[in-house]
Amino acid sequence: MTDNSINYTAKSEFLKIMIERGFIHQCTDIEALDKKLVSTILPAYIGFDCTASSLHVGSLVQIMMLRHLQKSGHKPIVLMGGGTTKIGDPSGKDESRKMLSAEMIDQNMIGIKSVFEKYLNFGDGKNDAIMVNNADWLDKLKYIDFLRDIGPHFTINRMMTFDSVKLRLERENPMTFLEFNYMILQAYDFLELSRLHDCAMQMGGSDQWGNIINGVELTRRLDRKEVFGLTTPLITLASGAKMGKSATGAIWLNDQMLSAYEFWQFWRNSADGDVGRFLRLFTEIPIDEIEKLENLEGSDINQAKKILANEVTRFCHGVEAAQKAEETARKAFEDRSLGADLPTKDFSKKELEQGVMVADLFVVAGLGKSKGEVRRLIKQGGAKLNDQKIDDDEMKVSLKDINSEGNLKLSAGKKRHILIMPV
């Protein structure tokens, strides 16, 4: 196995892009993989469990990998975890996932599928992407037969060394036998995809390394096929926080879960130290242009952040949505006008008739986790109502405060705004 293989000089276009843009953390036999990528159209897959009705930006690195794979002439396979979601991946979790019904899993799958159509071309061509569901084979398994055929290739000793198991046990958090089976089923997915679609590589995040290795070894042992595994580094923000969350919650990829404006704003608010890395991972801007953008200093770096926000939003929500989001931000921050696409929150007109404590309103709007946090924001001069600074943390907001647009604009700092809509 090759660790930190980014020092390798690749011949294939796909690995050149992966290395140049910082996608690779670990790879099994990168030289053999490189030769395979040069000589043939290589089908490769990434699995996505259906635990919510949308993926969030934590999955965007993997989605971009599949996009680069296809643009390099190879075949992406998107594996929907209709079967494995019934168990739940224990990787990186301190406790068991909530069990979902088959109906909820199917509903979540519909929401997730729509994301991939924006990044990949699906069809019947040689390098067209395909989407498959592991429930198609996992639901049909005969348990005793499966244990006899697949079980002997896994030892408890080895399984206990993988992080998904070891970390849970070290923290003395219970791990169910159901979850313990997850890595075997994921390995079996690779074997099935190899047999059904000639799939030769599984990709995923670094927390999936143990699961991927299991699949590589199982396929080689049973079918004597050369297959590969490749993982990406854990993507964290410059602050050290895990990618995928913001102060107001998860950054979802479906606009039903998060507006295009809020999505755009997440990228626009990137820390200076994240800009270059994010441009490499989440856009297709040429590297020489990225190097110029990441070297901008002072307020000029804000231009690079806008380019980042526009490019990532364009992929996920379309050109028009990206342009609208930028215009809304410009109006909100530069012109100090409302901006038609600011996020909104309905609020009872009856309660406003009686008057609502401003701290309560900010908490309801998601601009503060607690009244104490809002009061601190007010004392620091960072809270505004209709672009006017709030000085009194005991003030009440009522119908008389509604602006000419028929709403209330709340602002926390310079970058977080929401419109309260009386209903």
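The residues of the chain are indexed from 1 along the displayed sequence.
Residues N121 and D128 have side chains that never bring a donor and an acceptor to within less than 3.5 angstrom of each other. Inspection of the Q256 and S54 side chains reveals no N or O donor paired with an N or O acceptor under 3.5 Å. When only modelled atom types and interatomic distance are considered, Y182 and D49 share a side-chain donor-acceptor pair under 3.5 Å. Using a 3.5 Å distance cut-off with no hydrogens or angles, the side chains of E326 and N310 do pair a donor with an acceptor. Between the side chains of E373 and S370, no donor N or O sits under 3.5 Å from an acceptor N or O. A side-chain donor-acceptor contact under 3.5 Å links D34 and Y8. Q186 and D189 share no side-chain donor-acceptor pair at under 3.5 Å.
In this structure, the side chains of M18 and K16 stay at 4.5 Å or more apart for every pair of heavy atoms. Side-chain contact between V363 and K371: present, with at least one pair of heavy atoms (C-beta onward) separated by less than 4.5 Å. Residues L33 and T28 have side chains not in contact (no heavy-atom distance under 4.5 Å, counting atoms from C-beta outward). Side-chain atoms of N108 and T51, non-hydrogen and from C-beta on, never get closer than 4.5 Å to each other. Counting heavy atoms from C-beta on, the side chains of V227 and M201 never come closer than 4.5 Å. Put simply, the side chain of C50 reaches to within 4.5 Å of the side chain of I105, judged on heavy atoms. Looking at heavy atoms from C-beta onward, R277 lies in side-chain contact with I235 at the 4.5 angstrom threshold. Side-chain contact check for F23 versus V61: some heavy-atom pair is nearer than 4.5 Å.
No donor-acceptor pair closer than 3.5 Å links the side chain of N407 to the backbone N or O of L419. In this structure, the side chain of K75 does not engage the main chain of L69 through any donor-acceptor pair within 3.5 Å. Counting only distance, with no hydrogens or angles, the side chain of S59 and the backbone of L55 share no donor-acceptor pair below 3.5 Å. At least one donor-acceptor pair closer than 3.5 Å links the side chain of N254 to the backbone N or O of G111. Formation of a donor-acceptor pair under 3.5 Å by the D29 side chain with backbone atoms of A32 is found in this model. With D392 contributing its side chain and E394 its backbone, the two residues share a donor-acceptor pair below 3.5 Å. Between the side chain of H197 and the backbone N or O of C199, no donor-acceptor pair lies under 3.5 Å.
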Hey, mind stepping through L15 and I24 against side-chain contact (heavy atoms from CB on, under 4.5 Å) and telling me if it holds?
-> CA-CA 9 Å; L15 282 182; I24 299 181; 3.9 Å; yes
Kindly indicate, with the supporting measurements, whether the criterion side-chain contact (heavy atoms from CB on, under 4.5 Å) is fulfilled by L258 and I251.
-> CA-CA 7 Å; L258 187 81; I251 305 302; 3.9 Å; yes
Could you give me the CA-CA distance, side-chain angles and deciding distance for T231 and Q208, then say whether side chain to side chain donor-acceptor pair (under 3.5 Å) is met?
-> CA-CA 7 Å; T231 62; Q208 294 297 311; over 6 Å; no
Applying side-chain contact (heavy atoms from CB on, under 4.5 Å), run through F122 and Q70 and close with a yes or a no.
-> CA-CA 10 Å; F122 289 86; Q70 185 169 50; over 6 Å; no
Please test F14 against L42 for side-chain contact (heavy atoms from CB on, under 4.5 Å), starting from the C-alpha separation and ending with a verdict.
-> CA-CA 11 Å; F14 176 66; L42 186 137; over 6 Å; no
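Closest of all the heavy-atom pairs between A135 and G82 is CB-C, 3.8 Å. Nearest heavy-atom pair, A304 versus L296, reported as atom, atom and distance to 0.1 Å: CB-CD1, 4.3 Å. Summarising the geometry of L37 relative to H74, their closest heavy-atom pair is O-CE1, 3.1 Å, with the distance given to 0.1 Å. Across all non-hydrogen atoms, the minimal contact from L66 to A44 is CD2-O, 4.3 Å. The minimum heavy-atom distance between S206 and L234, with the atom names listed, is OG-N, 3.6 Å. Of all non-hydrogen atoms in I19 and A10, the two that sit nearest each other are CD1-CB, 4.0 Å.
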Using residues 315-323 as the side-chain source, report each donor-acceptor pair under 3.5 Å to any protein atom, sequence neighbours left out, with the distance given to one decimal.
none

Using atom types as modelled, flag every donor-acceptor pair under 3.5 Å from a side chain in residues 353-361 to any protein atom, sequence neighbours excluded.
none

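With rounding to the nearest 0.5 Å, the separation of CD1 in I17 from CE in M64 is 10.0 Å. Atoms CE and CE, from M109 and M131 in turn, are 9.5 Å apart once rounded to the nearest 0.5 Å. Considering CG of N134 and CG of L79, their distance stands at 4.5 Å, rounded to 0.5 Å. In this structure, CG on L308 lies 7.5 Å from CD1 on I285, to the nearest 0.5 angstrom. Interatomic distance, CG of D106 versus CD1 of I110, reported as 7.0 Å (0.5 Å rounding). In this structure, OH in Y261 is found 4.0 Å from CD in Q265, a value given to the nearest 0.5 Å.
Under a 4.0 Å N-O distance rule, the pair D198/K225 qualifies as a salt bridge. Residues E311 and R314 are paired through a salt bridge, judged by an N-O separation under 4.0 Å between the basic side chain and the carboxylate. Salt-bridge formation is not detected for the pair D387/K384: no Lys NZ or Arg NE/NH1/NH2 atom is positioned less than 4.0 Å from an Asp or Glu carboxylate oxygen. A salt bridge is defined here as a Lys NZ or Arg NE, NH1 or NH2 lying under 4.0 Å from an Asp or Glu carboxylate O, and R376 with D393 fails to meet this definition.
For the side chain to side chain donor-acceptor pair (under 3.5 Å) with S411, the qualifying choice from H417, R416, K389 is H417, the only one to do so.
Within the structure, every pair that satisfies the ring pair (Phe, Tyr, Trp, His ring centres under 6.0 Å) test and touches residues 275-311, not counting sequence neighbours, is listed here: W267-F278, W267-F282, F278-F282. The stretch residues 347-391 participates, sequence neighbours left out, in no ring pair (Phe, Tyr, Trp, His ring centres under 6.0 Å) pair at all. Sorted by first and then second residue, the side-chain hydrogen bond (donor to acceptor under 3.5 Å, both in side chains) pairs with a member in residues 279-294 read R67-E284, K71-E284, R280-E294; sequence neighbours excluded.
The neighbour count for K11 NZ, taken as heavy atoms of other residues, nucleotides or ligands under 6.0 Å away, does not exceed 12. Crowding of Q107 atom CD: a count of heavy atoms from other residues, nucleotides or ligands under 6.0 Å not exceeding 12.
Taking T40 as the reference, K36 meet the side chain to side chain contact (heavy atoms under 4.5 Å, CB included) condition, with sequence neighbours excluded.
The distance between the ring centers of F190 and Y45 falls below 6.0 angstrom.
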